[in-house]
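This report refers to the structure that appears directly beneath it.
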Amino acid sequence: MLEVPINRITTLNDEQPNMDAPYVLYWMIAFRRVNYNFSLQRAIEWANKLSKPLLIFEPMTIDYPMASIRFHKFAIEGMKDIQKQRIAEKEYVRAHDFRRFMHKNIEDFLVEVPEKDPLEYLNLKFDEKLIEPMLKKYELVDFNKVNTQDFLNNLNVDKSVEVSDVVGGYNAAKSRLDLFAKKGFNDYSKLRSHPSEDASSQLSPYFHFGHISTYEVFEKIISSESWSVENIDPNFVGRREGWWGGSANLESFFDELITWRELGYHTCVKRANYDQYQSLPDWAIKTLDDHANDEREYIYDLSEFTNANTHDEIWNAAQNQLKTEGRIHNYLRMLWGKKILEWTPNPQIALSYLIDLNDRFALDGRDPNSYSGVFWILGRYDRAWGPERPIYGKIRYMTSKSTATKFNLKPYLEKWSVGSTV
DNA sequence: ATCGGCTCGCGCAA
DNA sequence: TGCGCGAAGCCGAT
């Protein structure tokens, strides 16, 4: 097993290991999987070094402050991918700028990859005797022995957000990945924006919960079209496509999987106020402010938005998908957000509604990438667009009418229109 | 169907 | 200092 790279390790205190302890405890929060997992690999290094058994504890927290800590840890872990020094301390305000950095340094990240099966390298194998006393002592739940629905019914969390049919966990993530590699990926660059097509990976919730590694997804895709790091083209600096030296599908999928994902983490780590209105670029704040008092033709409150109760059939369908399934199709999520900006009294209220709806209902809510999506609505990573319009100012404008012209929405609307029985 | 204009900021070449 | 370029836009002209 290769050593965990030093730049992926954070020392939290100066204490020496307690040699009398019966085991090394791995507190599995951010990367809830046993494959391609540097954290687990590090725990195994310690277990082997100290000749102690490894105990993996996967906790579940329900109070928001803990969730916030988990979110931040997750963000920091992910950020280590791109903390490869030189120009790395700065903040990137656009994907365009970030790509230059990625293009130059990506090979370094692709060399130091986590092991597929780090548990194979554990010297002391699984000891059943260690488990039962732990379960008793701390009153822990073994979900293989407890009915999940019963457990949820007795849990002290918000039950108004109903469970989604989307299945969590590594196995579901792997099935989804296999299906995507075999089918959706082949039309990815052409169809990913089409709401009625099944061409996007839909892996975001699994990344958010750490159920699958981006490394595993990356390896699956490159093996499917025999791509290797030698394909990276030193030309195309600063260009969106072409520098990976792969198919159009690979170029556009890697732009999502790697460039945009890393950029989102980068922003959350570098900007303490990443979730605040004031973190938007100056030009966006100025133009939104210039139009804060513009007349709004429609205004809805949070409850009306939540219940998909607007005048717009497309918007309601998108919200219904979010409320029911815990996600919105990529393209429609942009339109969905733009309309919230348009139909609220001011952009600060719009932002608070966007964050509430996204974090409450989306399976990938609270993820750095969620914040990329939400803040993009208000101008982050984007540029000014003319002509200047009411409410939006120079913020990129979108309409349901154009969306309906561009795509065949019929199958999507049949599935997700409010009251639809399909 | 395709194109230019609208508009801003970054990196880089000159 | 000027130029190319950009998460997916919109609109009107050709």
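Side chains are part of it too, since the values below use all heavy atoms of this structure and drop only hydrogens, waters and symmetry mates. None of the values given here were measured: they were computed from a predicted structure. We name chains A, B, ... by the order of the sequence lines, and we start the count at 1 in each one.
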Partner set under side chain to side chain contact (heavy atoms under 4.5 Å, CB included) for A/N346, not counting sequence neighbours: A/Q348, A/I349

side-chain N/O A/R99 vs C/dA7 OP1/OP2, d < 4.0 Å: yes

Integer angstrom distance from the P of C/dC3 to that of B/dG5: 15 Å

Face-to-face contact A/W260 to C/dA7 six-ring, under 5.5 Å, under 30°: yes

Ring-face cation contact, A/F207 with A/R261, 6.0 Å cut, 45° max: yes

Gap between atoms CG and C1', on A/L257 and C/dA7 respectively (whole Å): 16 Å

Side-chain donor/acceptor of A/H103 to backbone N/O of A/D233, under 3.5 Å: yes

Within residues 283-292 of chain A, residues whose heavy atoms come under 4.0 Å of DNA chain C: none

Provide a list of protein-nucleic acid N or O atom pairs under 3.5 angstrom, restricted to nucleotides 12-14 of chain B.
none

Rounded distance (Å) that lies between atom P of C/dG6 and atom NE2 of A/H96: 7 Å

Given B/dC10, C/dC10, B/dT7, the nucleotide with the shortest approach to the side chain of A/M398: C/dC10

Rounded distance in Å between the P positions of C/dC5 and B/dA14: 14 Å

Side chain to side chain contact (heavy atoms under 4.5 Å, CB included) involving A/L140 - partner list, sequence neighbours excluded: A/F57, A/L135, A/Y138

Contact list for residues 146-159 of chain A, test salt bridge (Lys or Arg N to Asp or Glu O under 4.0 Å), sequence neighbours left out: A/D158-A/R360

Aromatic ring pairing A/W416/A/Y412, orientation class (parallel under 30°, perpendicular over 60°, tilted between): tilted

Whole-Å distance separating the CZ atom of A/F98 from the P atom of C/dC5: 22 Å

Sugar-phosphate only, base, or nothing, as touched by A/S402 at under 4.0 Å among non-hydrogen atoms: sugar-phosphate

5' precedence on DNA chain C between A/G373 and A/L335 (nearest-nucleotide basis): A/G373

Candidates C/dC10, B/dC10, B/dC8 - which lies nearest the side chain of A/D97: B/dC10

Nearest-Å distance for atom pair NE2/P, residues A/H103 and B/dG11: 16 Å

Check: A/S370 side chain, A/D364 main-chain N or O, donor-acceptor pair, under 3.5 Å: yes

Interface with DNA chain C, restricted to residues 385-396 of chain A and to heavy atoms under 4.0 Å: A/W385, A/G386, A/R389, A/R396

Results of ring-ring contact (aromatic ring centres under 6.0 Å, His included) for A/F218 - residues two or more places apart only: A/W227, A/F254

Per-nucleotide pairing state of DNA chain B [Watson-Crick or G-U, under 3.5 Å; [ ] pseudoknot-crossing; | other strand]: ||||||.||||||.

Nearest-Å distance for atom pair CG/C1', residues A/D382 and B/dC6: 13 Å

Cation over ring face, A/K286 and A/W283, 6.0 Å, 45°: no

Side-chain (A/Q321) to main-chain (A/H329) donor-acceptor, under 3.5 angstrom: yes

Sugar-phosphate, base or nothing in reach of A/M334, heavy atoms under 4.0 Å: base

Residues that A/T287 engages under side chain to side chain donor-acceptor pair (under 3.5 Å), provided they are two or more places apart: none

For A/Q319, side chain to side chain donor-acceptor pair (under 3.5 Å) partners two or more places apart: A/W336

Polar side-chain atom of A/N37 near backbone of A/F31 as donor-acceptor pair, under 3.5 Å: yes

Rounded interatomic separation in angstrom, taking CH2 from A/W243 and P from B/dG11: 17 Å

Residues that A/S279 engages under side chain to side chain contact (heavy atoms under 4.5 Å, CB included), provided they are two or more places apart: A/R271, A/N273, A/F375, A/R380

Value in whole Å for how far the P atom of C/dC5 lies from CG of A/D255: 16 Å

Pairs meeting criterion salt bridge (Lys or Arg N to Asp or Glu O under 4.0 Å) with involvement of residues 393-403 of chain A, two or more places apart: A/D382-A/R396

Nucleotide B/dG11, atom P - distance to CE of A/M102 in whole Å: 16 Å

